[in-house]
S.K.: 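Next up is a structure, given as structure tokens.
Numbering of residues begins at 1 and proceeds along the displayed sequence. When reading the values below, keep in mind they use all heavy atoms of this one structure, side chains included, and skip hydrogens, waters and symmetry mates. Quantities reported herein were computed from a predicted structural model and do not represent experimental measurements.
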Amino acid sequence: MKLLLLLLAFCCISLSRCEEKYVPYDYSATIDCQGNPNKPQYNGGIIVNPDLQNGSQGWSQMGNAKVDFTEMGGNKFVIARGRNQSNDSVSQKVYLEKGLLYTFSAWLQVSQGNSPVKAVFKKSGENKLAGSVIAESKCWSMLKGGLTVDESGPADLYFESEDTTAEIWVDSVSLQPFTQEEWNSHQEQIINMTRKGAVRIRAVNSAGGPVPNATISIVQNRLGFPFGCAVESNILGNQAYQDWFNKRFTVTAFGNEMKWYSTEVVRGKEDYSTADAMVKLFKQHGIAIRGHNIIWDNPIYQPSWVKTLNGPDLYNAVKRRVYSVVTRYKGQLDGWDVVNENLHFSFLEDKLGPKASYNVFAQAHALDPRTTMFMNEYNTLEQPGDSASTPARYLQKLRELKSIHVAGNIPLGIGLQSHFSTPNIPYMRSALDIFAATGLPIWLTEVDVSAPPNVQASYFEQVLREGHAHPQVKGMVTWSGYNPKGCYRMCLTDGNFRNLPTGDVVDKLLREWGGLRGQTTGLTDADGFFEASLFHGDYNLDISNPLTNSTASYSFNFTSGYSNPSPLIVLRV
């Protein structure tokens with residue numbers, strides 16, 4: 001009896017801990033500079049005195065900064081002044097646990113102008129960057145980020161800015177840990193809310209009465225969520241490759257065939273024959289195509305003849321290129337990558353001035369006003385330490401492009417290449433949260449992983465799951481399927497079109513998401529009803545009456561546009 005009581009007590013303690021630890025994820029983010037900071041997310045999580053209401057409690061000086069705890073307009077916060085080094089700041093010691101996923105946020109301001117400010121966790125001599133924001137003077141900006149650690153132990157949180165002339169103001173700091181189980185549950189909840197829904201079916205006889213025990217079979221013909229794979233010209237004439245591709249994917253992008261260096265090797269001699277053949281092939285199979293790309297801002301990847309041009313000659317060549325490719329495929333594509341990798345490179349800007357990429361976007365939009373125009377960039381999700389392409393830098397460029405009003409407001413899209421090594425999944429989610437605040441469609445456009453073979457497939461799965469589960473991500477394209485000369489960082493299948501481990505990940509997820517002709521079966525109840533939870537997509541439904549052996553079939557498209565209550569399909573059988 002005593003042992004039973006101890007076991008019951010242990011179970012109660014365990015359950016209470018689970019209940020206490022289970023915290024819903026806060027997907028919100030603020031991208032506008034505000035007069036006052038919001039309250040700290042999760043009430044600060046494990047941060048002591050997160051809103052500075054208790055003065056210096058929990059906080060200390062980092063480096064040689066002078067730290068002042070102050071109040072303005074009823075809001076209490078801390079200021080790091082007299083900074084001589086980038087890491088002279090305010091700090092708090094926290095304990096980080098291996099295996100937990102941490103989401104971080106803080107509200108920051110600088111005393112003059114605007115400066116990038118980073119949130120850093122110093123642990124065992126190593127600095128882990130959690131995120132950054134371009135902080136402004138006279139208003140508060142939200143930094144949102146995240147991190148994991150390889151070993152448990154104490155760490156010092158501090159804020160860093162290369163601009164040592166600026167004071168750093170800090171308020172509403174939050175660090176919330178989640179277990180992997182909790183993290184997975186967030187994904188499942190969002191998937192159930194945004195990617196799935198319930199469908200009710202009722203079987204009736206010729207008199208309109210219910211048909212109980214009717215056999216229902218529902219087969220998904222096409223996944224509703226756009227999920228695809230980049231290809232190159234080697235898919236042309238390769239039926240085995242085409243069959244492998246068409247079985248799985250609903251969208252593609254061409255690795256090279258639409259790019260300027262492929263279509264105009266010699267000035268004035270355009271050749272779109274390969275790209276045209278690929279467009280025709282995929283249109284025949286109902287596969288959507290992302291236009292990749294109009295211009296690539298990397299100087300290395302210009303046609304050789306373009307590299308020698310300057311001034312009006314270059315301007316006219318660029319204008320002709322934009323007109324040529326956009327008008328050729330106008331209305332046939334799901335989106336354009338307009339000036340590829342525009343945050344990392346500046347070939348056009350260096351030669352034509354700071355408005356060069358703006359002008360390309362404006363021209364492309366004027367020529368093809370209904371097609372979404374994407375920025376397409378790398379290391380925005382993958383590497384928090386790449387200062388060129390942080391979410392804050394990306395948003396700066398987006399704001400510039402939003403001012404384009406040619407043929408109406410420009411329909412912009414957020415293209416995130418997603419070339420990962422070791423994924424920082426909490427940072428990835430927080431970055432997606434930031435972009436979601438724009439209300440613009442987000443696509444992961446070139447998903448792959450460069451990692452040792454023993455972890456590559458696992459990391460790939462983590463990234464795809466996180467992308468699919470974020471409510472504002474509208475599609476994903478992997479990079480790429482198969483190339484006999486070798487894929488950029490990973491292939492999904494070999495030359496005999498047998499899946500590699502990364503291809504097995506794709507099939508595993510497609511089966512979860514209802515793809516690969518996933519089937520749902522069951523029997524109607526006593527009142528003739530059957531209800532199923534289905535991923536959005538195109539379906540065939542077969543039903544058979546056990547009393548009369550009669551059958552009926554029905555095709556339907558189930559989308560996120562359905563509202564409660566669940567749609568009801570009535571079939572006479």
Side-chain angles (χ1 to χ4, degrees), residues 223 225-236 238 241-242 244-246 248-263 272 274-298 301 322 325-326 328-342 364 368 371-378 380-382 411-420 441-449 460 463-464 467-468 473-483 485-493 502-503 506:
L223 194 66
F225 178 80
F227 183 55
C229 179
V231 296
E232 296 185 46
S233 59
N234 62 299
I235 198 168
L236 294 172
N238 190 330
Y241 190 5
Q242 293 172 25
W244 177 89
F245 184 98
N246 294 334
R248 291 165 174 81
F249 302 114
T250 59
V251 62
T252 191
F254 304 164
N256 292 291
E257 289 74 12
M258 276 191 186
K259 290 173 180 172
W260 198 0
Y261 59 62
S262 295
T263 62
Y272 285 97
T274 302
D276 286 349
M278 293 171 72
V279 169
K280 181 180 178 181
L281 170 67
F282 288 106
K283 286 177 71 176
Q284 287 173 343
H285 293 281
I287 305 295
I289 303 166
R290 298 192 72 256
H292 181 76
N293 51 53
I294 298 175
I295 297 287
W296 196 347
D297 225 12
N298 190 333
Y301 295 111
V322 177
V325 71
V326 175
R328 190 176 195 89
Y329 300 114
K330 175 182 178 179
Q332 300 182 67
L333 307 177
D334 262 23
W336 282 109
D337 292 335
V338 181
V339 183
N340 200 47
E341 298 173 357
N342 192 202
D368 193 2
T371 300
T372 304
M373 301 287 156
F374 282 85
M375 285 180 60
N376 192 48
E377 198 54 73
Y378 66 90
T380 306
L381 298 181
E382 305 97 304
L412 290 171
I414 295 170
L416 307 170
Q417 291 185 9
S418 308
H419 295 294
F420 284 86
I442 301 169
W443 278 65
L444 309 190
T445 59
E446 304 180 17
V447 185
D448 61 15
V449 173
F460 184 50
V463 171
L464 292 177
H468 180 254
V473 172
K474 304 304 182 185
M476 298 190 297
V477 177
T478 63
W479 202 270
S480 55
Y482 167 70
N483 191 317
K485 298 178 182 178
C487 300
Y488 172 53
R489 299 175 79 180
M490 65 176 219
C491 291
L492 299 178
T493 185
T502 48
V506 167

S.K.: Could you report the tightest heavy-atom contact between L381 and S418, atom names first, then the distance?
M.R.: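 Here L381 and S418 meet closest at CD1-OG, 3.7 Å.
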S.K.: Do you know which two heavy atoms are closest between C487 and G481, and how far apart they sit?
M.R.: SG-O, 4.0 Å
S.K.: Has Y301 got more than 12 heavy atoms of other residues, nucleotides or ligands less than 6.0 Å from its OH?
M.R.: no
S.K.: Any side-chain heavy atom of I289 within less than 4.5 Å of one from Y329?
M.R.: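 Sidechains of Y329 and I289: no contact.
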S.K.: Test your reading of the model: is there a side-chain donor-acceptor pair from Q242 to the backbone of L236, 3.5 Å cut-off?
M.R.: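 Not at all, since once roles are kept as given, no pair shorter than 3.5 Å links the two residues.
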S.K.: Testing the basics here: between L223 and T250, what is the closest heavy-atom pair and its distance to 0.1 Å?
M.R.: O-CG2, 4.1 Å
S.K.: Judged by modelled atom types alone, do E382 and H419 share a side-chain donor-acceptor pair under 3.5 Å?
M.R.: no
S.K.: Ring centres of Y482 and F245 under 6.0 Å apart?
M.R.: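 No, the ring centres sit 6.0 Å or more apart.
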S.K.: Could you grab the distance from atom CG of D337 to atom NZ of K259, nearest 0.5 Å is fine?
M.R.: 9.5 Å
S.K.: To the nearest 0.5 Å, tell me how far I235 CD1 sits from W244 CH2.
M.R.: 8.5 Å
S.K.: Using side-chain heavy atoms (C-beta onward) and a distance below 4.5 Å, is N483 in contact with Y488?
M.R.: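 Result no, sub-4.5 Å side-chain heavy-atom pair not found.
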S.K.: Would you say that M375 contacts N342 through its side chain, given a criterion of any heavy-atom pair below 4.5 Å between the two side chains?
M.R.: no
S.K.: Please give me the minimum heavy-atom distance between G335 and T371, naming the atom from each residue.
M.R.: CA-CG2, 3.6 Å
S.K.: Could you tell me if the side chain of Q417 sits less than 4.5 Å from the side chain of T445, heavy atoms only?
M.R.: yes
S.K.: Any heavy-atom pair between the side chains of F254 and V231 that's under 4.5 Å?
M.R.: yes
S.K.: Between the side chains of E446 and N376, is a donor N or O closer than 3.5 angstrom to an acceptor N or O?
M.R.: yes
S.K.: How are the rings of W479 and H292 set to each other: parallel, tilted or perpendicular (split at 30° and 60°)?
M.R.: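 W479 and H292: perpendicular rings.
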S.K.: How far apart are the closest heavy atoms of R489 and F420, and which atoms are they?
M.R.: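 In this case the closest contact between R489 and F420 is NH2-O, 3.2 Å.
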S.K.: Show your working on side chain to side chain contact (heavy atoms under 4.5 Å, CB included) between N340 and N298 and close with a plain yes or no.
M.R.: CA-CA 8 Å; N340 200 47; N298 190 333; over 6 Å; no
S.K.: Taking T372 for the side chain and W336 for the main chain, is one N or O donor matched with an acceptor at less than 3.5 Å?
M.R.: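 No.
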S.K.: Quick one: pull up OG1 in T380 and CD1 in I414 and give me the separation to the nearest 0.5 Å.
M.R.: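 Here the interatomic distance stands at 10.0 Å.
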S.K.: Does a side-chain heavy-atom distance below 4.5 Å link T274 with S262?
M.R.: no
S.K.: Would you mind telling me which of F225, F227, F282, Y241 makes a ring pair (Phe, Tyr, Trp, His ring centres under 6.0 Å) with F249?
M.R.: F227
S.K.: Restricting to non-hydrogen atoms, name the atom on K330 and the atom on D368 that form the minimum distance, rounded to 0.1 Å.
M.R.: CG-OD1, 3.4 Å
S.K.: Hey, are the side chains of T263 and M258 touching, using non-hydrogen atoms and a 4.5 Å cut-off?
M.R.: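 Of all side-chain heavy-atom pairs linking M258 with T263, none is under 4.5 Å.
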S.K.: Check whether T502 reaches the backbone of C491 with its side chain - one donor and one acceptor, N or O, closer than 3.5 Å.
M.R.: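 Yes, T502 side chain to C491 backbone: donor-acceptor pair under 3.5 Å.
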S.K.: Using atom types as modelled and distance alone, determine if a side-chain donor or acceptor of E257 lies under 3.5 Å from a backbone N or O of S233.
M.R.: yes
S.K.: State, with a plain yes or no, whether a side-chain heavy atom of R328 is found less than 4.5 Å away from one of D276.
M.R.: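 SC-SC contact between R328 and D276 confirmed.
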